[in-house]
Amino acid sequence: MPSSRIQPIPRAFFARKVKRVARDLLGKVLVRQAGGERLTARIVEVEAYLGEKDPAAHAAAGNTARNSVIFGPPGHAYVYFIYGNHYCLNVSCEPEGQAGCVLFRALEPLTGTERMAKARGIELHSPKDLIRLTSGPGRLCAAFCITRSGENGMDLTTDKSSLWIGEDGYKSGQIAVSPRIGITKAAEHPLRYFLAGNPFVSGPKFRAPLDKRV
DNA sequence: ATATCGATTATCT
DNA sequence: GATAATCGATATG
């Protein structure tokens with residue numbers, strides 16, 4: 001039953017409006033080919049960052065050395081370093097020249113969990129420990145060994161890359177929406193999308209009443 | 001369960 | 001010089 005067949009997602013999927021891509025990414029799979037081993041995890045929580053008009057988006061600063069991937073062709077990894085401690089992974093969206101990206105906030109581990117745990121520096125004792133592996137944007141990057149120097153700009157639409165996004169036929173259940181987490185500007189917009197009830201979603205266990213089903 | 005705080009650095013004002 | 005799309009530890013109810 002488990003999905004052994006994972007197909008890359010074509011670039012056209014990412015060449016659409018950020019909000020649309022964000023929603024459609026839920027249920028897809030992030031794949032890491034590390035040596036002979038393959039790490040896979042299902043995307044359960046994302047946030048949309050719009051173009052230069054979105055004050056919360058890095059694109060608001062214009063095209064700089066840091067964020068140029070956002071302005072480039074769709075389907076590429078934008079990795080940035082934050083708080084002097086963590087990396088965060090995004091995928092560029094919209095046609096080339098237009099800014100926009102989706103932030104990966106949480107994953108549900110599928111295969112390669114021992115390798116993820118090692119990368120995170122934790123041990124897996126109970127099934128609940130799986131949650132701390134990839135629940136959070138910084139955590140999932142650590143679990144997948146994603147850094148700016150290594151993965152920024154990588155093409156995520158082909159399995160020739162050591163990091164890519166795939167589709168395994170999984171059908172998402174109910175999708176919920178809430179404001180984005182951890183930002184101060186434009187903090188009210190409902191641009192965070194997640195699989196309702198999924199235990200691997202980051203943040204408080206019980207959602208605020210602002211959360212809406214969609 | 002919620003709140004607060006320190007870590008640590010690239011980037012921008 | 002201030003800030004930041006975070007995390008883990010600690011404190012308190």
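Because only heavy atoms are used, hydrogens play no part in the values below, and waters and symmetry mates are left out as well, while side chains stay in. Keep in mind that what you see is a predicted model, and the values were worked out from it rather than measured.
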(message) Which residues pass the side chain to side chain donor-acceptor pair (under 3.5 Å) test with A:Glu108, not counting sequence neighbours?
(response) A:Asn198

(message) Counting C-beta onward and ignoring hydrogens, is there a side-chain heavy-atom pair between A:Glu47 and A:Phe104 closer than 4.5 Å?
(response) no

(message) Tell me whether the NZ or CZ atom of A:Arg192 lies within the 45° cone about the ring axis of A:Phe194 and under 6.0 Å from its centre.
(response) yes

(message) Quick one, A:Ser202 and A:Glu45 - any side-chain contact, counting heavy atoms below 4.5 Å?
(response) yes

(request) Using side chain to side chain donor-acceptor pair (under 3.5 Å) as the criterion, list what pairs up with A:Glu37, not counting sequence neighbours. (result) A:Arg115

(message) Just to verify, what does A:Ser161 make a side chain to side chain donor-acceptor pair (under 3.5 Å) with, not counting sequence neighbours?
(response) none

Any N/O pairs under 3.5 Å between the protein and nucleotides 11-13 of chain B? List them or say none.
residue	atom	partner	partner atom	Å
B:dC12	OP1	A:Thr64	OG1	3.1

(request) Using heavy atoms and a sub-4.0 Å distance, could you list which residues of residues 80-109 of chain A are near DNA chain B? By number, please. (result) A:Phe81, A:Tyr83, A:Gly84, A:Asn85

(message) The criterion is ring pair (Phe, Tyr, Trp, His ring centres under 6.0 Å); which residues satisfy it with A:Tyr78, sequence neighbours excluded?
(response) A:His58, A:Tyr80

(request) Taking side chain to side chain donor-acceptor pair (under 3.5 Å) as the test, write out the residues that go with A:Glu167, two or more places apart. (result) A:Lys28

(message) Please determine whether a side-chain nitrogen of the Lys or Arg among A:Lys185 and A:Asp54 lies less than 4.0 Å from a carboxylate oxygen of the Asp or Glu.
(response) no

Return the polar atom pairs (N/O with N/O) between nucleotides 8-12 of chain C and the protein under 3.5 Å, or none.
residue	atom	partner	partner atom	Å
C:dG8	OP1	A:Arg120	NH1	3.0
C:dG8	OP1	A:Arg120	NH2	3.0
C:dG8	OP2	A:Arg139	NE	2.7
C:dG8	OP2	A:Arg139	NH2	2.6

(request) Go ahead and write out DNA chain B as dot-bracket, 5' to 3': ( ) for pairs within the strand, [ ] for ones crossing earlier pairs, | when the partner sits on another strand, dots for unpaired; Watson-Crick or G-U wobble, both distances under 3.5 Å. (result) |||||||.||||.

(message) Nearest whole Å is fine: how far is C:dA4 P from A:Tyr49 OH?
(response) 12 Å

Just list the side-chain donor-acceptor pairs under 3.5 Å for residues 132-144 of chain A, sequence neighbours left out, or say none.
residue	atom	partner	partner atom	Å
A:Thr134	OG1	A:Leu107	O	2.8
A:Ser135	OG	A:Phe200	O	3.0
A:Arg139	NH1	A:Ser135	O	3.0

(request) Kindly write out the residues that satisfy ring pair (Phe, Tyr, Trp, His ring centres under 6.0 Å) with A:Phe13, not counting sequence neighbours, or none if the list is empty. (result) none

(request) Only one of A:Cys101, A:Cys93, A:Ser92 passes side chain to side chain contact (heavy atoms under 4.5 Å, CB included) with A:Val18; say which it is. (result) A:Cys93

(request) Using whole Å, report how far CD1 of A:Ile181 lies from P of C:dA5. (result) 13 Å

Which side-chain N or O atoms in residues 151-158 of chain A pair as donor and acceptor under 3.5 Å with protein atoms at least two apart or in another chain?
residue	atom	partner	partner atom	Å
A:Glu151	OE1	A:Thr147	N	2.8
A:Glu151	OE2	A:Arg32	NH2	2.8
A:Asn152	OD1	A:Val79	N	2.9
A:Asp155	OD1	A:Arg11	NH1	3.3
A:Asp155	OD1	A:Arg11	NH2	3.3
A:Asp155	OD1	A:Thr157	N	3.0
A:Asp155	OD1	A:Thr157	OG1	2.7
A:Asp155	OD2	A:Arg11	NH2	2.8
A:Thr157	OG1	A:Arg11	NH2	3.1
A:Thr158	OG1	A:Lys160	N	3.0

